[in-house]
Amino acid sequence: MLSSLWLVIDMHFFAFLRATGVTLQLTAVSLALAVVIGLAFAFLKLSRNPVANLLANAYIGIVRGTPLIVLLMFLYFGISSIVVLTSFWAGSFALAIHAGAYVAEIFRGAIQSIDSGQHEAARSLGMSRRQSMRLIILPQAFRRAIPPLGNQFIIGLKDSSLVAFLGVSEIYSTAMTAAAANFKPFETYLVAGLYYLVLVLIFTVLVHRLETKLTPDRRAAA
Amino acid sequence: MNVIETRNLHKHFGELHVLRGVDLAVAEREVVVIIGPSGSGKSTLLRCLNFLEMPDEGSEVLLDGEVIDPARDDLDKVRERMGMVFQHFYLFPHKNVLNNITIAPENVKGMPRAKAKEVARDLLSKVGLPDKEKAWPSQLSGGQKQRVAIARALAMDPEIMLFDEVTSALDPELVAEVLQVVQDLAAGGMTMVMVTHEMGFAREVADRVIMMDDGMIIEQGEPAGFFANPTEERTKTFLSQVLHA
Ligand SMILES: Nc1ncnc2c1ncn2[C@@H]1O[C@H](COP(=O)(O)OP(=O)(O)OP(=O)(O)O)[C@@H](O)[C@H]1O
Ligand SMILES: [Mg+2]
């Protein structure tokens, strides 16, 4: 069995390598967008404007209440009479819109978790609302958001496998194609799983490093 | 001239009428200590002075003799002129000590970094922490944190300092070092309003002691007379409670 596993790894090495690149691109693009969307909707949700709140709640509610695959199909096939997106971009947008809702909640929670005394101290020094947010609250909130964001990013990385159903040649669709051709589904899907696992592990280490780097005070205190 | 003054200051939190017509005037270089039971509105009064809380319509707060109109005046500019120190310090945990002090002068006043550092170092020596500029707030004792918080407020070169129970969260052995800094400031001529339960300090440093109860100033006077012969029954009760605690 080990030898046939090696055979599959060897046989599809370049296909999986290329697929890994596509998976990483999908993940990177969608999560970068998700952070922008998430931050924007976190502010809408924290705003005192009821229309902004409604908008944020509607977005988060809809995304939470519907499966990602539906959103994927909707963006690729459903609205093709209005806008035609390539499968890569339909996939990226769907992943971004989906993850954005969760990222919004992560940012909102992180911002709200900062002691209101921090804002008051900043204001008492003459800082505007904006300066207090930018210089005092957000830097602390970002640090607090890193662990849950890292978690959400891992989910996003794995969710990118659903884009296979739009025909994007990422890791999962490459595995499907390979398994159909080599009649070794056991080994092939095992290899696909290993690719994801390794990516997630690398990512976990990177997130941990980032967190350490962004919290020099915690290191000093320890 | 009065640095700060309130006229008929009222404050509601919803139905709760917390300040019920406070008239307070603090002269230049004057040290005013406010005492009173919990919930009497001491913190709210301080917070109305720098508009962290909005006074009710019809109340007046004057800074250097000019009425501040929250609708028209830039309150950020008003707050720049008043320093505030809180019971729980609220140092910025993501900034080291030096940057806690420089962040406002640099970003609010546009002070060049080099100048802001110089100001910060000078203030750190003044509060007795010249060797802590690179430390993180999490590495400091409560007394050290509070002294940094005082330096941070002073870095904006305020006309008046507001202290809200700045020693209440400290271990007893750390209280003196903070009070010493406040006393030095008073000796240097800083105008200040201080809410405190440290009666010994009030007696020694205050020019005037004010007793608040139920959202009103019920009695005030220079400390010697105030502590020796309080006239109001509520003041007597309060003093006997805090002095024998
Ligand atoms: N933001 C707020 N919202 C609602 N009620 C408030 C708020 N801030 C203060 N209060 C209420 O106003 C009253 C006065 O509070 P304040 O903090 O000014 O009292 P204090 O004299 O400083 O008391 P302490 O000695 O306990 O600090 C209290 O009943 C308090 O519960
Ligand atoms: Mg108080």
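Computed from a predicted structure; not experimentally measured.
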Worksheet item: Quick one: CG on Leu125(A) to CZ on Phe92(B), what's the gap to the nearest 0.5 Å?
Response: 5.5 Å
Worksheet item: Rounded to the nearest 0.5 Å, how far does CG of Asp164(B) lie from OG of Ser124(A)?
Response: 11.5 Å
Worksheet item: When rounded to the nearest 0.5 angstrom, what distance separates CG in Asn107(B) from CZ in Arg134(A)?
Response: 6.0 Å
Practice prompt. Answer yes or no: does atom NE2 of His208(A) have more than 12 heavy-atom neighbours from other residues, nucleotides or ligands under 6.0 Å?
Written response: no
Fill in: Side chain, backbone, both or neither of Asn50(B) within contact of chain A (heavy atoms, under 4.5 Å)
side chain
Worksheet item: Under a 4.5 Å heavy-atom cut-off, does chain A meet the side chain of Leu91(B), its backbone, both or neither?
Response: backbone
Item to complete: Using a 4.5 Å cut-off on heavy atoms from C-beta on, say whether the side chain of Gln140(A) contacts that of Pro93(B).
Response: yes
Fill in: Residues, nucleotides or ligands: over 12 heavy atoms within 6.0 Å of Arg130(A) CZ
no
Worksheet, complete the sentence: So, the part of Arg47(B) with a heavy atom under 4.5 Å from chain A: the answer is side chain
Item to complete: Go through the atoms of Phe86(B) and report whether side chain, backbone, both or neither lie under 4.5 Å from a heavy atom of chain A.
Response: side chain
Worksheet item: More than 12 heavy atoms of other residues, nucleotides or ligands under 6.0 Å from CD of Gln112(A): is that the case?
Response: yes
Worksheet item: Given that the side chain runs from C-beta out, which part of His94(B) has a heavy atom under 4.5 Å from chain A: side chain, backbone, both or neither?
Response: both
Practice prompt. Using a 4.5 Å cut-off on heavy atoms from C-beta on, say whether the side chain of Leu135(A) contacts that of Ile103(B).
Written response: yes
Discussion item. Just checking Glu173(B): does its CD atom have more than 12 heavy atoms from other residues, nucleotides or ligands closer to it than 6.0 angstrom?
Written reply: yes
Worksheet item: To the nearest 0.5 Å, what is the distance between CG (Asp76(B)) and CE (Met127(A))?
Response: 10.5 Å
Worksheet entry | Other residues, nucleotides, ligands: >12 heavy atoms within 6.0 Å of Glu66(B) CD | no
Discussion item. Is Gln131(A) close to chain B through its backbone or its side chain, or both, or neither, when contacts mean heavy atoms under 4.5 Å?
Written reply: side chain
Item to complete: Count the heavy atoms of every other residue, nucleotide or ligand shown that sit under 6.0 Å from CZ of Phe13(B), and state whether that count exceeds 12.
Response: yes
Worksheet item: Where on Met82(B) is there a heavy atom nearer than 4.5 Å to chain A: the side chain, the backbone, both, or neither?
Response: backbone
Item to complete: May I ask you to name which of Met156(B), Arg152(B), Arg81(B) has the most heavy-atom pairs under 4.5 Å with chain A?
Response: Arg152(B)
Discussion item. With salt bridge (charged side-chain N to carboxylate O under 4.0 Å, His left out) as the criterion, how do Asp217(A) and Lys95(B) come out once you've worked through the C-alpha distance, each side chain's angles and the decisive distance to 0.1 Å?
Written reply: CA-CA 8 Å; Asp217(A) 54 314; Lys95(B) 300 274 171 195; over 6 Å; no
Discussion item. Please check if the number of heavy atoms outside Lys158(A) that lie under 6.0 Å from its NZ is greater than 12.
Written reply: no
Discussion item. Please rank Pro105(B), Gly83(B), Ala104(B) by heavy-atom pairs under 4.5 Å with chain A and give me the top one.
Written reply: Ala104(B)
